[in-house]
A.B. asks: 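Before I ask anything, let me first share the structure, which is written out below as structure tokens.
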Amino acid sequence: MDNTRIFADLHLHSSASDGLLTPSELVGAVHRFGLGAMSLTDHDTTAGLAEARRSAELHGLVMIPGIELSTVMGKMEAHFLGYNFDVSNDDLQRELLLFRSARKKRLSSMIDKLAHMSIVISRERVHELAGSGALGRPHLARALVEAGYAGDVSDAFDNYLGRGRPAYVERYKLTPVRAVELIRKAGGLAVMAHPGLANMDDYIAVLVKAGLQGLEVFHPGHTPEQAEQYLDTAGRYNLVVTGGSDWHGDAGAYGPESDRWGLNRKRFDALAEILGQRRYIV
Ligand code: AMP
Ligand code: ZN
Ligand code: FE
Ligand code: FE
């Protein structure tokens, strides 16, 4: 068995949230990169999972149902991934609906802030760009690029939409503990996403007590040194190690083709064994 190659990409976004590819297109791309397993982890929605599962079956890929939730606590911010939860869980779906409606209000306030800076973006166009996907800042960023106010999406975040930038509006205040609980109550595995991009290292011990089970160690936002550091943290707290590219389908961005993020076969098997003890429903 080749244990250096990446076998599974467990952090991916589709057009059901703010990714550019439909779930089927995304599964096709992951398959072309030669991977054997993946998870679709859209923000605040499970709408892409059924299509992703059908497409994965056609390609012979293992598909793990996933989701990504963003949380804030004071000045700290962290994202959480849920895997293999019961998609039909009422409490979870009710909360997700709330988060998506908060996303609409938040984007609308950001458009208002831009208007006060004489940057006119039409709500209709942002909604068009999002299609049926859960609205996110990337949709607004794409509208800013299209209207000529930013050179590219990253430029739009740096100048307007990033945290602390002039058009930024705080998100719905889901706490980290509540996110972990929501995932666990729906029967899922609760994992902290890209801890190196969050600022909650000192809080991991508390989250473990609240039910946190895993740490996303292998992510393009982590330096090799950070990956080592979080591997160590995972070992210390007996957390399962996960990884993924966080690809949104953008050409040129870090995707699932690398050998640095995602899980090799051995690590995926360890995770699959833990997930195997849970329900597996899409
Ligand atoms: P939202 O969920 O609306 O807060 O948007 C979060 C998404 O914006 C993330 O999943 C990233 O895809 C994207 N994002 C955040 N920061 C940046 C950045 N600096 N440049 C490009 N995309 C970003
Ligand atoms: Zn995203
Ligand atoms: Fe994230
Ligand atoms: Fe993500």
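Values below: all heavy atoms of this structure, side chains included; hydrogens, waters and symmetry mates excluded. Because the structure is predicted, anything quoted here is derived from the model rather than measured. In each ligand, atom 1 is the first atom listed, and ligand 1 is the first ligand listed.
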A.B. asks: Give a yes or no on whether the ring-centroid distance for His222 and His194 is below 6.0 angstrom.
C.D. replies: no

A.B. asks: Looking at Glu51 and Arg54, is there a salt bridge between them, counting it only when a charged N and a carboxylate O are closer than 4.0 Å?
C.D. replies: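 Between Glu51 and Arg54 there is no salt bridge, as every charged N stays at least 4.0 Å from the carboxylate O atoms.
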
A.B. asks: Give me the residue, atom name and distance of the protein heavy atom closest to atom 13 (C) of ligand 1.
C.D. replies: Phe157 CZ, 3.6 Å

A.B. asks: Considering the heavy atoms of His248, write down every atom of ligand 1 situated less than 4.0 Å from one of them.
C.D. replies: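 Those qualifying, in numeric order: 10 (O), 12 (O).
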
A.B. asks: Would you say ligand 1 has an N or O under 3.5 Å from any N or O of Arg103?
C.D. replies: yes

A.B. asks: Can you label the angle between the Phe99 ring and the Tyr172 ring as parallel, tilted or perpendicular, going by 30° and 60°?
C.D. replies: tilted

A.B. asks: Check each heavy atom of Asp18 against ligand 1 and say whether those closer than 4.0 Å belong to the side chain, the backbone, both or neither.
C.D. replies: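 Side chain only.
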
A.B. asks: How far does CZ of Arg265 sit from CG of Leu35, to the nearest 0.5 angstrom?
C.D. replies: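 Between atom CZ of Arg265 and atom CG of Leu35 there are 11.5 Å.
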
A.B. asks: Below 4.0 Å, non-hydrogen atoms only: which portion of Arg106 touches ligand 1? Side chain, backbone, both or neither.
C.D. replies: side chain

A.B. asks: Roughly how far, to the nearest 0.5 Å, is the OG1 atom of Thr41 from the CG atom of Leu10?
C.D. replies: 8.5 Å

A.B. asks: Taking N, O or S atoms only and a limit of 2.8 Å, check whether His11 reaches the Fe ion (ligand 4).
C.D. replies: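 Within the cut-off used here (under 2.8 Å), His11 does place an N, O or S atom near the Fe ion (ligand 4).
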
A.B. asks: Determine which of the N, O or S atoms in Glu68 is closest to the Fe ion (ligand 4) and give its atom name.
C.D. replies: OE1

A.B. asks: Near the Zn ion (ligand 2), is there an N/O/S atom from Asp18 that is less than 2.8 Å away?
C.D. replies: yes

A.B. asks: With a cut-off of 4.0 Å, which atoms of ligand 1 are near a heavy atom of Arg171?
C.D. replies: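 By the 4.0 Å cutoff, the relevant atoms are 1 (P), 2 (O), 4 (O).
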
A.B. asks: Of all N/O/S atoms in Asp246, which lies nearest to the Fe ion (ligand 4)?
C.D. replies: OD1

A.B. asks: When rounded to the nearest 0.5 angstrom, what distance separates NE2 in His13 from OG1 in Thr45?
C.D. replies: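 Reported value, rounded in 0.5 Å steps: 12.0 Å.
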
A.B. asks: From His43, does some N, O or S atom reach closer than 2.8 Å to the Fe ion (ligand 4)?
C.D. replies: no

A.B. asks: Using salt bridge (Lys or Arg N to Asp or Glu O under 4.0 Å), reason through Glu128 and Arg125 one step at a time and then give a plain yes or no.
C.D. replies: CA-CA 5 Å; Glu128 252 169 47; Arg125 186 60 193 142; 2.5 Å; yes

A.B. asks: Between Arg123 and Asp112, is the closest basic N to carboxylate O distance under 4.0 Å?
C.D. replies: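 Answer for the salt bridge query: yes.
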
A.B. asks: As an exercise, identify every atom of ligand 1 less than 4.0 angstrom from a heavy atom of Arg137.
C.D. replies: 1 (P), 3 (O), 4 (O), 5 (O), 6 (C)

A.B. asks: When you measure from the centre of the six-membered ring of Tyr160, is the NZ or CZ of Arg165 closer than 6.0 Å and no more than 45° off the axis?
C.D. replies: no

A.B. asks: So is there a nitrogen or oxygen of His43 less than 3.5 Å from a nitrogen or oxygen in ligand 1?
C.D. replies: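 For ligand 1, there is an N or O atom that lies under 3.5 Å from one belonging to His43.
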
A.B. asks: With the Zn ion (ligand 2) at the centre, find the angle made by NE2 from His248 and NE2 from His43, to 10°.
C.D. replies: 130°

A.B. asks: Would Ser70 count as a contact residue for ligand 1, given that I'm defining contact as a non-hydrogen atom of the residue lying under 4.0 Å from a ligand atom?
C.D. replies: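 For ligand 1, residue contact (heavy atoms, under 4.0 Å) with Ser70 is absent.
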
A.B. asks: Working to the nearest 0.5 Å, report the span between CG of Leu207 and CE of Met192.
C.D. replies: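 Rounded to the nearest 0.5 Å, the CG-CE separation comes out at 5.0 Å.
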
A.B. asks: Find all atoms of ligand 1 within a distance of less than 4.0 Å from any non-hydrogen atom belonging to Gly136, and give their numbers and elements.
C.D. replies: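 Going through ligand 1 atom by atom, the ones under 4.0 Å from Gly136 are 3 (O).
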
